[in-house]
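Notes for the one structure printed next.
Not measured: the values here are computed from a predicted model. Whatever order the structure lists ligands and atoms in, that order sets their numbers, starting from 1.
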Amino acid sequence: MIDRISPSILSADYGRLSEALAHLTAAGADMVHIDVMDGHFVPNITLGAPVVRCLRGSTTLPFDVHLMIQDPLFFIDDFAKAGADRITFHVESASDVSATLDAIEAAGKEAGLAVKPGTPVEAVYPYLPRLAMVLVMTVEPGFGGQSFRADMLVKLTALRAECARQGMPELDIQVDGGIGASTIGPAAAAGANVFVSGSALFGSADMRAEIARFKALAAAARQA
Ligand code: DX5
Ligand code: ZN
């Protein structure tokens, strides 16, 4: 299993995003997690495709775009053209899941499907063969800096088993929300391999050392 760290720029200084991208790239991040919120699907507003386009030149790392928006289908082309590499949307959104996957595939991008804490993870099972990644939210989406919900670990275990059952044992399983030094191990042991971290990474004095520590903690927990 390959572990990857996707720092969330939700915790960066929005006036200096290109500097944040340079910083996390130099720190050894594997991708960049970009949280898109529309004020409807979640009670917060962040940024849209024009900002993603402006940031595209600041790093060569893949853009891992997390759409917390009511109608993702309507915006897939915008984010694809802006430079998203992986586009994750919510199974709870108003858009038809299959049609949205069609749009992501037509744009030549990788698809991710996300579940909020209150949604059974089984909701994504019918779509697994079309996905590059499943995102299991470990906080209620909308804000950074919340506490990790350990009651979500059972979803990771069930999902990893279902991926194996469907012949995709190494499918990316992403966790997002409250990931830090004390929570990355349990998440990895339960089956996650792509770790979003916002406040913990941007609040650390040495992001490079922290990313290396996170990866070591994930690997050790999985082997234990
Ligand atoms: C929450 C976002 C997360 C958030 C994570 O709605 O989807 O990506 O930035 O931040 P931390 O790591 O601080 O919980
Ligand atoms: Zn996110």
Per-atom contacts, ligand 1 versus S199 - under 4.0 Å to a heavy atom: 11 (P), 12 (O), 13 (O)

Subset of ligand 1 atoms that lie under 4.0 Å from at least one heavy atom of G177: 14 (O)

Sub-4.0 Å atoms of ligand 1 with respect to non-hydrogen atoms of G145: 11 (P), 13 (O), 14 (O)

Q146, any N or O under 3.5 Å of ligand 1 N or O: no

N-O pairing of D77 and K109 below 4.0 Å: no

Side-chain heavy atoms of R86 within contact of P62, under 4.5 Å: no

Exceeds 12 heavy-atom contacts within 6.0 angstrom, atom CZ of R208: no

Under 4.0 Å to a heavy atom of M68 - the qualifying atoms of ligand 1, by number: 6 (O), 7 (O)

Close N or O approach (A200, ligand 1; < 3.5 Å): no

For D176, the ligand 1 atoms whose distance to one of its heavy atoms is below 4.0 Å: 2 (C), 3 (C), 4 (C), 5 (C), 7 (O), 8 (O)

Between D64 and H66, a side-chain donor and acceptor under 3.5 Å: no

Student check: side-chain heavy atoms of L201 and I211 closer than 4.5 Å: yes

G178 touching ligand 1 at heavy-atom level, < 4.0 angstrom: yes

Numbered atoms and elements of ligand 1 in range of G142, under 4.0 angstrom, heavy atoms: 1 (C), 6 (O)

Min heavy-atom dist E140 to ligand 1 below 4.0 Å: no

Numbered atoms of ligand 1 (with element) below 4.0 Å of V196, judged on heavy atoms: 8 (O)

Between CE on residue M31 and CE on residue M133, distance to nearest 0.5 Å: 6.0 Å

Region of S8 engaging ligand 1 - heavy atom pairs below 4.0 Å: side chain

Ligand-residue contact atoms, ligand 1 with H33, heavy atoms, under 4.0 Å: 8 (O)

